[in-house]
Amino acid sequence: MEKKIAVIPGDGIGPEIISEAVAVLDAVAAIYGHKFVYEEVDMGGVAYDKWGDPLPREMLDKCLNSDSVLLGAVGGPKWDTIPSDKRPEKGLLRLRSGMGVYSNNRPARIWPQLAASSPLKPEIVDKGIDFIIVRELIGGIYFGAHRTMEENGEKRAEDIMSYTESEIRRIGRIGFETARKRRKKLCSVEKSNVLDCSRLWKAVMHDLAKEYPDVELTDMLVDNCAMQIVKNPSQFDVIVIENMFGDILSDEASMITGSIGMIPSSSLGDGTRGLYEPIHGSAPRMTGQNRANPIGTILAAAMMLRFSFDMSEEADCIERAISAVLDEGYRTADIAGAGEETTGCREMGALIRSHLAKTEVH
Ligand code: IPM
Ligand code: MG
């Protein structure tokens with residue numbers, strides 16, 4: 001198969017982790033006889049520096065003309081003081097919105113080899129951590145009006161959170177469908193004791209539940225959910241959640257699995273074209289030191305093969321190669337135990353590729 005992939009290295013450690021993931025994709029292409037053609041896209045701080053815009057129209061078009069998009073990370077302190085609509089993050093938000101990818105899927109799964117890196121007590125980890133956060137990605141407070149004004153001699157700022165029923169229904173469906181393919185438990189997370197958006201969210205979820213009698217729907221307030229994720233994470237199968245709450249809880253969920261550096265994410269809309277990225281940021285202080293963990297991005301590339309290209313065998317083989325490297329005890333700095341030797345970003349990528357090379361295709 002031939003696929004066109006838009007590749008966005010972005011800022012900070014972005015280019016380092018992306019080059020390992022692209023090399024892994026090339027290894028997979030060689031093994032399975034596919035052809036991946038890459039189109040490099042500038043987005044984030046790097047695009048602002050070059051073009052004065054964190055996502056120029058031509059760059060968005062390149063993404064829309066590809067079969068899928070692979071992204072490293074964007075942002076950094078260098079761009080903290082520029083106007084808010086030019087910030088690197090704005091490029092990412094415009095990309096998500098421009099691609100119409102309303103459904104962001106963030107798995108929180110413990111790798112048995114890394115159980116000791118979880119900050120939770122072993123008796124909690126041993127009960128199992130394997131859930132998915134389905135985060136609404138192109139609505140809510142991220143996309144409402146943002147304003148700062150002068151009022152009575154002081155500044156006042158406001159950010160509007162709003163959701164329509166149809167925006168909630170389409171992400172709700174993804175939540176139910178995802179649960180249906182797993183342990184059939186869906187937890188809808190909101191703040192319905194305070195927010196109108198959340199009351200509408202809850203009502204739409206319960207309406208949808210009538211179409212999914214095989215899925216058990218529960219509701220949880222977001223503050224309680226933040227607590228339950230560290231107290232008893234094994235209770236969760238699929239969480240469906242609005243944009244900002246999902247941003248916050250997905251960082252928490254990743255940390256209990258050992259490291260945010262291991263977690264990929266997929267963002268999909270109604271078609272097969274997706275946006276795939278690790279959930280961590282651009283880690284500016286780690287840039288250029290060969291210390292980043294490329295596994296989150298390599299897993300994101302595997303997700304792209306699985307969900308956008310229907311190449312599940314190829315995706316399985318990437319995941320197996322990662323597992324084998326972890327079995328051998330190799331650890332990047334973020335997942336190494338105290339006193340353990342650490343493996344660099346490039347070396348980790350090369351180790352994964354050397355396992356891939358042993359794959360036999362039937
Ligand atoms: C994420 C990030 C982004 C978000 C930032 C970089 C805009 O934190 O993907 O979780 O808030 O969605
Ligand atoms: Mg985040």
Side-chain angles (χ1 to χ4, degrees), residues 8-15 17-18 21 41-48 53-55 60 63 69-80 82-108 132-144 146 159 161 163 167 171 189 222 225-226 229 239-257 259-269 274-287 292-293 296-297 299-300 303-304 334:
I8 311 180
D11 308 316
I13 58 169
I17 54 183
I18 278 289
V41 170
D42 293 330
M43 186 186 81
V46 68
Y48 173 76
D53 182 343
L55 181 67
L60 172 60
C63 295
V69 182
L70 183 66
L71 160 69
V74 295
K78 181 176 173 196
W79 303 282
D80 268 351
I82 64 177
S84 62
D85 64 321
K86 299 278 187 213
R87 286 185 63 106
E89 292 81 2
K90 202 67 181 187
L92 176 57
L93 299 184
R94 274 165 43 201
L95 177 68
R96 289 171 175 170
S97 167
M99 289 180 67
V101 288
Y102 58 82
S103 165
N104 180 222
N105 176 318
R106 300 189 161 185
I132 291 183
I133 296 185
V134 174
R135 168 187 175 197
E136 198 292 322
L137 202 60
I138 56 174
I141 198 165
Y142 274 53
F143 290 90
H146 308 288
D159 303 275
M161 180 192 276
Y163 270 106
E167 282 176 312
I171 190 69
V189 173
V222 63
C225 187
I229 284 176
I239 287 175
V240 65
I241 188 164
E242 72 85 38
N243 201 348
M244 182 170 64
F245 294 162
D247 176 46
I248 299 168
L249 292 197
S250 61
D251 269 30
E252 186 194 15
S254 71
M255 203 54 229
I256 65 168
T257 69
S259 171
I260 196 169
M262 298 287 297
I263 313 283
S265 87
S266 68
S267 305
L268 285 153
L275 168 62
Y276 296 86
E277 52 180 312
I279 81 159
H280 62 71
S282 60
R285 278 182 312 208
M286 231 191 245
T287 305
N293 183 351
T297 317
L299 285 168
M303 268 182 140
M304 177 169 79
D334 56 315

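Note that the structure is predicted; figures quoted are calculated from it, not measured. We count ligands from 1, going down the list as the structure has it; atoms in each ligand are counted the same way.
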For ligand 1, which atoms, with element, lie under 4.0 Å from some heavy atom of [X]?
X	answer
R96	1 (C), 4 (C), 9 (O), 12 (O)
Y142	4 (C), 11 (O), 12 (O)
E89	6 (C), 7 (C)

Quiz item: Who passes side-chain contact (heavy atoms from CB on, under 4.5 Å) against D80, sequence neighbours left out?
Solution: P77, R87
Quiz prompt | Heavy-atom check, side chain of P284 versus side chain of K78, under 4.5 Å | solution = no
Practice problem: Please report the C-alpha distance between L95 and I8 in whole Å, then the side-chain angles of each, then the deciding distance to 0.1 Å, and finally whether the side chain to side chain contact (heavy atoms under 4.5 Å, CB included) criterion is met. | Solution: CA-CA 11 Å; L95 177 68; I8 311 180; 3.6 Å; yes
Quiz item: Is it the side chain, the backbone, both or neither of M244 that has a heavy atom closer than 4.0 Å to ligand 1?
Solution: neither
Quiz item: Say you draw a straight line from CZ of F143 to CG of L137; how long is it, rounded to the nearest 0.5 Å?
Solution: 6.5 Å
Quiz item: Got a second to check how far D159's CG is from M244's CE, nearest 0.5 Å?
Solution: 8.5 Å
Quiz item: With sequence neighbours excluded, what pairs up with T257 under the side-chain hydrogen bond (donor to acceptor under 3.5 Å, both in side chains) test?
Solution: none
Quiz item: Out of curiosity, is R106 lining ligand 1, as in a heavy atom under 4.0 Å away?
Solution: yes
Practice problem: May I ask whether R135 places a heavy atom under 4.0 Å from ligand 1? | Solution: yes
Self-check item: Reference residue R106; test side-chain hydrogen bond (donor to acceptor under 3.5 Å, both in side chains); the match among S254, S267, S250, S266
Solution: S250
Quiz item: Do you know which of Y142, Y102, Y163 makes side-chain hydrogen bond (donor to acceptor under 3.5 Å, both in side chains) with E136?
Solution: Y163
Practice problem: Tell me the protein N, O or S atoms under 2.8 Å from the Mg ion (ligand 2), in chain and number order. | Solution: D247 OD1
Self-check item: Residue, atom name and distance, where the atom is the protein heavy atom closest to atom 2 (C) of ligand 1
Solution: D247 OD1, 4.0 Å
Practice problem: Just jot down the salt bridge (charged side-chain N to carboxylate O under 4.0 Å, His left out) partners of R96, sequence neighbours excluded, or say none. | Solution: E277
